[in-house]
Participant: 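Starting off with a structure, shown below.
Note that ligands are numbered from 1 as they come in the structure, with each ligand's atoms numbered from 1 the same way.
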Amino acid sequence: MSKALDGVRILDFTHVQSGPTCTQLLAWFGADVIKVERAGAGDITREQLRDIPDVDSLYFTMLNHNKRSVTIDTKNPEGKQVLEALIQKCDVLVENFAPGALDRMGFTWERIQELNPRMIVASVKGFGPGPYEDCKVYENVAQCAGGAASTTGFDDGPPVVTGAQIGDSGTGLHLALGIVTALFQRTQTGRGQRVLAAMQDGVLNLCRVKLRDQQRLERNGTMKEYPQYPNGTFGEAVPRAGNASGGGQPGWILKCKGWETDPNAYIYFITQAPVWAKICNVIGKEEWATHPDYATPAARLPHLKDIFAEIERWTMTKNKFEAMQILNKYDIPCGPILSMKEIAEEPSLRKTGTIVEVDHPTRGKYLTVGNPIKLSDSPTEVKRSPLLGEHTDEVMAELGYSPEQISALRTAGAI
Ligand code: CAO
């Protein structure tokens with residue numbers, strides 16, 4: 001069966017997490033992704049957080065499926081020529097080097113345009129143009145600069161970063177959308193273009209609702225769905241809202257049976273307005289369905305703390321899956337707090353290909369997250385990540401180099 005991006009060739013000059021997330025998605029959609037790495041070392045994540053000595057780490061393998069790996073020294077003059085040949089052959093160059101690194105290598109936008117005017121050059125950087133544009137950035141820096149950390153955590157504690165890699169993988173997703181959009185526009189214009197996804201911008205995009213709240217706070221001085229109302233005070237900026245749902249339907253994380261020993265024996269419970277009477281019935285507080293202090297969403301807002309305490313008295317009598325089963329019968333929105341162990345073992349995620357077992361020649365079998373985006377006409381087959389330089393000869397031959405030339409370039413240290 002054909003793939004959505006069949007025929008698209010990507011020169012993958014990415015490393016660590018943000019860029020590789022993007023090119024892995026493109027590979028899953030069918031693009032031929034040629035990862036260019038430094039000879040001898042490769043992407044630094046190959047050796048980071050290793051769980052098996054001398055074997056590509058899970059950090060690397062889980063971000064580089066379905067790609068080919070070639071090693072080129074792009075600072076060697078002959079290596080540069082090989083890269084030039086690749087630029088002429090590819091549709092997209094994706095990179096997430098520190099600001100200016102590609103230019104220092106000699107591959108400015110102008111030079112790339114000369115080599116291939118149809119080339120799309122897609123970059124992840126920490127910041128867009130401005131005071132911080134020259135800074136190197138990692139995940140948590142982006143979470144802090146993009147508004148996630150200041151709005152995450154509890155009011156009486158410090159800012160908190162989230163486990164979801166919204167700075168790296170989130171920006172990789174943004175970049176992938178930019179690339180396919182630019183490819184689409186190229187079908188009309190015939191021209192390439194530059195695509196930039198700054199990590200600060202990507203995180204802020206995901207924190208959009210918090211900028212909404214900043215303006216609501218400035219206008220009204222309060223926000224009734226936040227736990228600070230009516231239990232505390234608001235300052236000038238959007239506060240940390242703990243586990244409040246942040247939407248129009250109040251929610252909170254509640255203890256379930258076993259919470260004393262199991263750190264994940266919790267459920268997220270939403271007091272959705274249309275099912276309020278059912279919630280009252282389930283927890284044995286039938287009188288709240290008509291009581292003037294509890295009957296309407298507006299009346300409930302000042303009492304949310306007490307309401308969740310009462311619901312928790314009920315959830316603590318059930319384990320999180322029992323509670324979910326009972327609440328689902330009444331269409332009450334809720335969700336168990338699932339541990340990574342529970343997710344890894346969940347059969348339905350294996351069935352859909354969201355969790356996949358992959359075999360690797362040096363590491364053996366391991367689990368990975370498959371393609372979270374399912375296309376009905378372009379199914380994803382997750383293939384193991386490449387060994388360092390595994391495809392150098394193959395790609396060089398495709399570029400037209402003879403075995404003798406390949407051997408000479410290898411001796412010169414260019415590949
Ligand atoms: N051959 C020769 N040289 C190569 C090469 C190759 N195949 N591939 C890379 N290099 C060189 C680059 O040219 C660069 O050299 P110069 O500094 O002399 O110009 C050098 O390797 C390293 O590049 P770098 O500065 O990007 O790497 P770093 O480890 O110091 O920084 C990071 C890493 C992530 C902080 C930085 O790349 C960055 O800020 N990237 C943009 C934001 C980003 O993507 N961050 C997310 C990372 S995931 O958490």
Side-chain angles (χ1 to χ4, degrees), residues 11-24 34-49 57 59-60 62-64 67-87 93-108 111-112 121-130 132-146 148 161-176 178 195-203 386 388-389 391-392 395-396 409-410 412-415:
L11 196 174
D12 181 8
F13 227 163
T14 69
H15 64 157
V16 205
Q17 186 183 161
S18 62
T21 307
C22 164
T23 50
Q24 177 169 260
I34 302 167
K35 184 166 173 114
V36 175
E37 298 180 80
R38 218 186 315 214
D43 187 327
I44 193 166
T45 58
R46 283 189 187 266
E47 59 172 49
Q48 280 180 335
L49 311 176
S57 71
Y59 195 5
F60 177 84
M62 291 177 71
L63 285 161
N64 289 285
K67 304 181 185 178
R68 298 196 282 170
S69 166
V70 301
T71 48
I72 305 174
D73 179 353
T74 58
K75 288 186 174 160
N76 173 306
E78 289 172 280
K80 270 194 212 306
Q81 283 171 11
V82 177
L83 195 72
E84 285 177 4
L86 263 175
I87 290 173
L93 184 158
V94 192
E95 63 93 22
N96 68 310
F97 290 128
L102 201 60
D103 290 357
R104 283 195 292 280
M105 236 181 244
F107 293 99
T108 59
R111 176 70 188 130
I112 294 170
V121 178
S123 304
V124 170
K125 294 288 166 260
F127 294 93
Y132 306 122
E133 65 187 306
D134 292 330
C135 297
K136 289 189 174 183
V137 167
Y138 283 105
E139 171 69 44
N140 288 344
V141 175
Q143 288 198 25
C144 294
V161 295
T162 159
Q165 305 286 283
I166 56 176
D168 280 339
S169 289
T171 308
L173 270 166
H174 283 90
L175 192 72
V195 180
L196 170 67
M199 294 168 75
Q200 181 185 40
D201 300 9
V203 171
L388 181 59
H391 304 95
T392 305
V395 171
M396 293 293 287
L409 284 168
R410 188 162 277 132
I415 58 168

Participant: Which atoms of ligand 1 sit under 4.0 Å from any heavy atom of E37?
Facilitator: 7 (N)

Participant: Pick out which of M199, Q165, Q200, Q17 makes a side chain to side chain contact (heavy atoms under 4.5 Å, CB included) with T171.
Facilitator: M199

Participant: Out of all atoms in ligand 1, which are within 4.0 Å of some heavy atom of S18? Include the element for each.
Facilitator: 43 (C), 44 (O), 46 (C), 48 (S)

Participant: OG of S169 to CG of L63: how many Å apart, nearest 0.5 Å?
Facilitator: 6.0 Å

Participant: As an exercise, identify every atom of ligand 1 less than 4.0 angstrom from a heavy atom of K136.
Facilitator: 25 (O), 28 (P), 30 (O), 31 (O), 35 (C), 39 (O)

Participant: Which one holds for V137 and ligand 1: side chain close, backbone close, both close, or neither close, with close meaning a heavy atom under 4.0 Å?
Facilitator: backbone

Participant: Provide, to 0.1 Å, the distance between atom 32 (C) of ligand 1 and the closest protein heavy atom, together with that atom's residue and name.
Facilitator: Y138 OH, 4.0 Å

Participant: With atoms numbered from 1 as shown, which atoms in ligand 1 lie under 4.0 angstrom from a non-hydrogen atom of D168?
Facilitator: 46 (C), 47 (C), 48 (S), 49 (O)

Participant: What atoms of ligand 1 come within less than 4.0 Å of a heavy atom belonging to V16?
Facilitator: 47 (C), 48 (S), 49 (O)

Participant: Could you tell me which atoms of ligand 1, counted from 1 in the order shown, lie closer than 4.0 angstrom to a heavy atom of V124?
Facilitator: 41 (C), 44 (O)

Participant: With a cutoff of 4.0 Å, is M199 in contact with ligand 1, counting heavy atoms of the residue only?
Facilitator: yes

Participant: Should you measure from each heavy atom of D73, which atoms of ligand 1 turn up under 4.0 Å away?
Facilitator: 1 (N), 2 (C)

Participant: Return the orientation label for the Y132 and F127 ring planes: parallel under 30°, perpendicular over 60°, tilted otherwise.
Facilitator: tilted

Participant: Would you say Q17 has any N or O atom under 3.5 Å from an N or O of ligand 1, going by distance alone?
Facilitator: no

Participant: Heavy atom under 4.0 Å from ligand 1: found in R104's side chain, backbone, both, or neither?
Facilitator: side chain

Participant: Between T392 and T71 (side chain of the first, backbone of the second, donor and acceptor by atom type, cut-off under 3.5 Å), is there such a pair?
Facilitator: yes

Participant: Can you sort out which atoms of ligand 1 are near H15, meaning under 4.0 Å from one of its heavy atoms?
Facilitator: 26 (O), 27 (O), 33 (C), 37 (O)

Participant: State whether the side chain of E139 and the backbone N or O of G167 hold a donor-acceptor pair below 3.5 Å, judged by distance alone.
Facilitator: yes

Participant: Have a look at ligand 1 and work out which part of M105, if any, has a heavy atom under 4.0 Å from it: side chain, backbone, both or neither.
Facilitator: side chain

Participant: Name the one of E37, Q24, K35, R46 that satisfies side chain to side chain donor-acceptor pair (under 3.5 Å) with N64?
Facilitator: K35

Participant: Does some side-chain heavy atom of F107 sit less than 4.5 Å from a side-chain heavy atom of V121?
Facilitator: no

Participant: Check I72 against ligand 1 and report side chain, backbone, both or neither, counting heavy atoms closer than 4.0 Å.
Facilitator: backbone

Participant: So that I can tick it off, tell me whether E78 and R410 are bridged by a salt bridge, with the cut-off set at under 4.0 angstrom between side-chain N and carboxylate O.
Facilitator: no

Participant: Look at atom 6 (C) of ligand 1 and say which protein heavy atom is nearest, naming residue and atom and giving the distance to 0.1 Å.
Facilitator: T74 OG1, 3.3 Å

